[in-house]
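The figures that follow rest on heavy atoms only: side chains count, while hydrogens, waters and symmetry mates do not. Nothing fancy with the numbering, it's 1 onward along the sequence.
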Amino acid sequence: MTLVTISILEGLERGQTFHDLEPPVTIGREEDNVIQLNDERVSRVHAKLQDDRGQVILTDLNSTNGSRINGHPVQLRVLQPGDHVQIGRCTLLYGSDAQIAEHADQLGVEVSALTPLSSPTDGGSESSDSGLELPDVDFSAENLQLPLFPGGAPELPAQLDPGQRARLCDVLGYVHQRLRDVSFEGAECDDPTADAWMQVPWSHWQNMLQLQRDLATYLRKIADLDEL
């Protein structure tokens with residue numbers, strides 16, 4: 001079982017660190033949660049962290065205001081050390097210092113690339129229980145400039161049965177085909193620059209919008225077990 005370390009970077013509980021929690025870990029406004037956040041924008045039981053074969057999964061429990069990872073709205077997500085979790089007006093950092101440093105080393109990047117807002121700034125800083133230097137800045141979703149997947153494409157799920165493999169291939173094949181159609185039919189200007197536009201046929205652009213809609217539907221259904 002993977003133990004969970006959470007540091008609160010922003011919110012009334014700022015500076016607190018919860019070390020080596022055993023999943024499942026609930027996060028919310030009620031006292032019964034493992035991590036209680038005193039913020040009216042946080043639902044009573046807002047989100048849950050659980051272990052699945054060594055991976056820590058965050059699930060938004062149909063909260064009123066949703067959950068974000070690195071500034072991006074999510075409902076279901078495999079957490080990586082260094083991920084910033086925004087719940088209400090609170091920002092939580094997932095992972096211990098050692099876990100974040102190890103993950104950065106695996107990606108071949110500096111730790112600051114994963115936690116750009118957890119380093120000292122000219123505005124002053126204070127130390128959290130984990131030893132991180134917390135700057136006096138706004139950790140809102142709009143202020144975070146982190147990719148959702150800093151390590152590139154996520155790994156495919158393992159231990160799928162043949163039927164699950166076939167359905168996953170169908171979904172990825174559908175996405176690949178729609179993207180291929182756009183890339184094949186796209187045309188760039190005669191003098192391309194970093195600010196140049198690509199032109200694609202209107203029908204293919206509509207297909208892209210439909211693909212975005214379909215992917216959003218897939219994500220919603222996968223996160224909602226009752227719909228599967």
For Leu76 and Ile57, run side-chain contact (heavy atoms from CB on, under 4.5 Å): C-alpha distance rounded to whole Å, both residues' side-chain angles, the deciding distance at 0.1 Å, then the answer.
CA-CA 7 Å; Leu76 190 67; Ile57 312 297; 3.7 Å; yes
Identify the two heavy atoms, one from [X] and one from [Y], that lie closest to each other, and give their separation to 0.1 Å.
X: Gln99; Y: Leu3; answer: NE2-O, 4.1 Å
X: Pro23; Y: Asp51; answer: CB-N, 3.6 Å
X: Thr5; Y: Ser96; answer: CB-N, 3.8 Å
X: Val34; Y: Pro24; answer: CG2-O, 4.4 Å
X: Ser63; Y: Gly66; answer: OG-N, 2.9 Å
X: Gln75; Y: Asn62; answer: NE2-OD1, 3.3 Å

Can you find a pair of side-chain heavy atoms, one from [X] and one from [Y], that are under 4.5 Å apart?
X: Leu37; Y: Leu92; value: yes
X: Val78; Y: Val56; value: no
X: Leu58; Y: Lys48; value: no
X: Pro201; Y: His204; value: yes
X: Glu30; Y: Gln36; value: no
X: Val85; Y: Asn70; value: no

Taking NZ, NE, NH1 and NH2 as the nitrogens, is one of them in Asp83 or Arg77 under 4.0 Å from a carboxylate oxygen of the other?
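Yes, charged N to carboxylate O under 4.0 Å.
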Following the transitive rule for hydrophobic clusters with a side-chain heavy-atom cut-off under 4.5 Å over Ile, Leu, Val, Met, Phe, Trp and Tyr, establish whether [X] and [Y] coincide in one cluster.
X: Leu61; Y: Ile87; value: no
X: Ile8; Y: Leu21; value: yes
X: Phe18; Y: Val25; value: yes
X: Ile100; Y: Leu107; value: yes
X: Ile69; Y: Phe149; value: yes

Euclidean distance, [Y] [atom2] relative to [X] [atom1], rounded to 0.5 Å:
X: Arg41; Y: Asn65; atom1: CZ; atom2: CG; answer: 7.0 Å
X: Arg213; Y: Gln210; atom1: CZ; atom2: CD; answer: 4.5 Å
X: His46; Y: Thr59; atom1: NE2; atom2: OG1; answer: 12.0 Å
X: Cys90; Y: Ile35; atom1: SG; atom2: CD1; answer: 10.5 Å
X: Ile6; Y: Leu79; atom1: CD1; atom2: CG; answer: 7.0 Å
X: Gln212; Y: Thr217; atom1: CD; atom2: OG1; answer: 10.5 Å

Could you work out the complete set of other residues in the hydrophobic cluster of [X], with links drawn between I, L, V, M, F, W and Y side chains under 4.5 Å apart?
X: Leu172; answer: Leu156, Leu160, Leu168
X: Val175; answer: Val171, Tyr174, Leu179, Val182, Val200, Trp205, Met208, Leu209, Leu211, Leu215, Tyr218
X: Leu12; answer: none

Derivation and outcome, side-chain contact (heavy atoms from CB on, under 4.5 Å), residues Leu93 and His84
CA-CA 5 Å; Leu93 177 66; His84 290 61; 3.9 Å; yes
Can you check whether Thr64's main-chain N or O pairs, donor with acceptor, with Ser43's side chain at less than 3.5 Å?
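Flag set: sc Ser43 to bb Thr64 pair under 3.5 Å.
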Neighbour count >12 (heavy atoms, 6.0 Å) for atom [atom1], [X]:
X: Gln206; atom1: CD; answer: yes
X: Glu110; atom1: CD; answer: no
X: Gln199; atom1: CD; answer: no

Apply salt bridge (Lys or Arg N to Asp or Glu O under 4.0 Å) to Glu40 and list each qualifying residue two or more places apart in sequence or on a separate chain.
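Glu40 satisfies salt bridge (Lys or Arg N to Asp or Glu O under 4.0 Å) with Arg89 only.
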Can you pull out every salt bridge (Lys or Arg N to Asp or Glu O under 4.0 Å) where at least one residue sits in residues 157-186? Sequence neighbours excluded, please.
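Residue pairs passing salt bridge (Lys or Arg N to Asp or Glu O under 4.0 Å), neighbours aside: none found.
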Applying side-chain hydrogen bond (donor to acceptor under 3.5 Å, both in side chains), name anything that partners Arg29, two or more places apart in sequence or on another chain.
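side-chain hydrogen bond (donor to acceptor under 3.5 Å, both in side chains) check on Arg29 returns nothing, list empty.
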For a side-chain contact (heavy atoms from CB on, under 4.5 Å) check, start with the C-alpha distance between Asn33 and Ile27, then their side-chain angles and the critical distance, and finish with the verdict.
CA-CA 6 Å; Asn33 290 287; Ile27 304 172; 5.6 Å; no
